[in-house]
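Chain A is the first sequence line, chain B the second, and so forth, proteins listed ahead of strands; every chain is numbered from 1. None of the values given here were measured: they were computed from a predicted structure.
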Number of protein chains: 2
Amino acid sequence: MLDATSSYKPMDRRIPVDDRTGHRIVPETIRRSDRAPENRYGNRPTMKDVAARAGVGLKTVSRVVNGEPGVTPETERRVQEAIDALGFRRNDSARVLRKGRTASIGLVLEDLADPFYGPLSRAVEEVARAHGALLINGSSAEDPDREQELALALCARRVDGLVIIPAGDDHRYMEPELKAGVATVFVDRPAGQIDADCVLSDNHGGARDGVAHLIAHGHRRIGFIGDMPRIHTAAERLRGYRAAMEDAGIPVEDSWMSLGVTDPERVRRAAEEMLTGPSPVTAIFAGNNRVTVTVIRVLAEQTRRVAFVGFDDIELADLLQPGVTVVAQDAAALGRTAAERLFRQLDGTLVTPERIELPTRLITRGSGELPPAD
Amino acid sequence: MLDATSSYKPMDRRIPVDDRTGHRIVPETIRRSDRAPENRYGNRPTMKDVAARAGVGLKTVSRVVNGEPGVTPETERRVQEAIDALGFRRNDSARVLRKGRTASIGLVLEDLADPFYGPLSRAVEEVARAHGALLINGSSAEDPDREQELALALCARRVDGLVIIPAGDDHRYMEPELKAGVATVFVDRPAGQIDADCVLSDNHGGARDGVAHLIAHGHRRIGFIGDMPRIHTAAERLRGYRAAMEDAGIPVEDSWMSLGVTDPERVRRAAEEMLTGPSPVTAIFAGNNRVTVTVIRVLAEQTRRVAFVGFDDIELADLLQPGVTVVAQDAAALGRTAAERLFRQLDGTLVTPERIELPTRLITRGSGELPPAD
DNA sequence: CCTGGATCTGACAACGTTGTCCAGGCCCTA
DNA sequence: TAGGGCCTGGACAACGTTGTCAGATCCAGG
């Protein structure tokens, strides 16, 4: 074994040096040994290779690739030919390292598969594209740790900015990043423990309007099913529900509220309990789209007609019997507004963090206009 | 002017050199002038800064950051302290440049806002995450040029691999990339003009089954509304429709087919025409989810009961009256399978490009089982 | 023929990280 | 106590690109 290792040692450790440049001359075999070949991107051609083939200098290739002026058409042609022949493509990692800007922004969202976030994500992408930036995204799956991990990974990639749909409620981990100049906008839910830009829907007002709508149609015993109050949107909507009830002078019974419930099985149970309890509700307000779809299923099975209003619009809501009345928020507008603020931060146009609330819209389709039946 | 420029010229062009290290000593003001300050990421601390603060060597910091062995707990603690104090975050661009792998994969899809692609995208992300990679994505908006632009931009970022939902039908632009070792998997639709891995649904078989289902319930005049046949999935589904009709010995009339139609207005007109034409259909087969939602709206307005089967499942399909019978494809499975093949390409486990077809599933809910009414 | 200016081209350093290699200190054994 | 191996730490080059700056070339005007 000692023999084996020692046999790899070159006899003379001194490395020959080029007299003119002072550069070390290292045999190709040794030089290459420092690269782990399996780690390379299949040895793609570099500008150096293109330059050699076109018989020009490195910088000239760079100029052609970037469309900088000061290159004769003839030279440009030769370089372009070499580029095509070699299949050269500029290495943006090196470019980023040199230039300091990545022309990409990150999006941390909760779940790409949720139909609410698709349009939001798409809107962010469109704005990014208009500014020549790429979008890198990741799903936190509603896990605060994963949100942090993702956000910081994106910062390590040196994204120019970050749009975050928070899963957690403590974002102090972003402080060094903000200080370092990473543009950041929180969307859908506010940042926790730090002062940052955020773009929200008017969750409180929307929920209040929705519940008031039910009250206006004669309901007094109204149920609320929503997510955990530690989630800002859920808390605000609950607050809106309470506000509407209080405005109407209706005392809320505990059995009418079910919090922290989103998975279909538990939503179903919660809905059934409030419909059959000692003080059965005549209407239900759902805190988000996932709750809505389950509650609708439960209501479809009831013989009694129960009124319903949901937060978030859902597809085909108009085709159901009755049509589903909802408080709609504009996911695309949320994404667009957030992304635009992000780029204004990057421009330097924007300095003071603000909280922006976008209005919601009550869409009446039938289910919310049913009279109390008891 | 000559004076002005010459005044910036140092008298002596030779640059002072440190005797010990041989490094050139350059005055700070000159060194900094080469950076464009507005391009820097707010002067984030580097490993060098951390090393200086912790009083250790550069490589030691690198070891701590990467959890490499060979650092005493005491040294590690000092380094960690410096990292926290300075808010250091490793620059992954530099890391990528050095290591050659980006630990990220790209996804080029058609439209993030389409509910079909949400789960697909999410599935790709989950697989990527399991392999420690980030997902960078972009929407082609069904535009072949934009698809190419995006795919090549991702290659310039040196993503390790690429999952592409093709918009175009000529992918020769990817040839240099494939040669350079960029792992590539096409999903939902096959690659055009090149030999590459692809993962598809059984569009032909699914459509044939769906149409055969209508035929089995007594229908003979069946309409087909789908996308442009230049899109592979649309062509295959049309072929499935024709096959089912032919199997049953039913000649297809031109007025029963509407191709290249997806926007709601035109779908509506197409559906109405086949319902009222000289040879009115008693059933409609829809080629994708967007067509489905519009056709359902049109059918809901009809007095006559028209049978319906759609390709792609839609949310709440079971709650409509009647329930919507569909040929469902598993978007998540498509994404998962594609991403897994991608990483097997990167492992080197996979060499020959293959075409994989995933089965579809007919879900009967009522609309496809209506008898002909004419 | 020379000079001055404009235009084009290329040499070189630097961006921040990691792999390699070597030096020095330590411990263990003979 | 000498000689070895092991452990820790640091110097240095290289990754591929771009900004700077100076050299080369060419032309017009004297």
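Contacts between residues 49-63 of chain A and DNA chain D, defined by a heavy-atom separation below 4.0 Å, involve A/Leu58, A/Lys59, A/Ser62, listed by number.
Which of C/dG16, D/dT17, C/dT18 sits closest to the side chain of A/Phe88 comes down to D/dT17. Side-chain proximity of A/Met47 to D/dT17, C/dT9, D/dC15: nearest is D/dT17. Of the candidates D/dG16, C/dT17, C/dC8, C/dC8 carries the atom nearest the A/Thr72 side chain, counting heavy atoms from C-beta on.
The interatomic distance linking B/Leu97 (CG) with D/dA14 (P) rounds to 14 Å, in whole Å.
Looking at residues two or more places apart in sequence or on another chain, you find a side chain to side chain contact (heavy atoms under 4.5 Å, CB included) between A/Glu340 and A/Val127, A/Arg336.
Counting non-hydrogen atoms under 4.0 angstrom, A/Asn66 reaches the backbone sugars and phosphates but no base. When heavy atoms are screened at a 4.0 angstrom cut-off, B/Val65 is found touching no nucleic acid atom at all.
When each of A/Pro45 and B/Thr75 is assigned the nucleotide of DNA chain D with its nearest heavy atom, B/Thr75 is the one assigned upstream, toward the 5' end.
Residues B/Ser121 and B/Leu135 meet the side-chain proximity criterion, which asks for heavy atoms closer than 4.5 Å.
Taking five base pairs at each end of the helix from C/dC1-D/dG30 to C/dA30-D/dT1 and finding the rotation axis that steps the C1' atoms of four pairs onto the next four gives two axes whose angle is 50°, to the nearest 10°.
Defined by atom type and a distance below 3.5 Å, a donor-acceptor pair is missing between the side-chain atoms of A/His171 and A/Gln148.
One finds a salt bridge joining A/Arg77 and A/Glu74 here, because a Lys/Arg side-chain nitrogen approaches an Asp/Glu carboxylate oxygen to under 4.0 Å.
For A/Lys99, no side-chain nitrogen or oxygen approaches OP1 or OP2 of C/dA14 to under 4.0 Å. Close to D/dA14, at under 4.0 Å from its OP1 or OP2, lies no side-chain N or O of B/Arg98.
Between A/Asn91 atom CG and B/Cys155 atom SG the span is 11.5 Å, to the nearest 0.5 Å.
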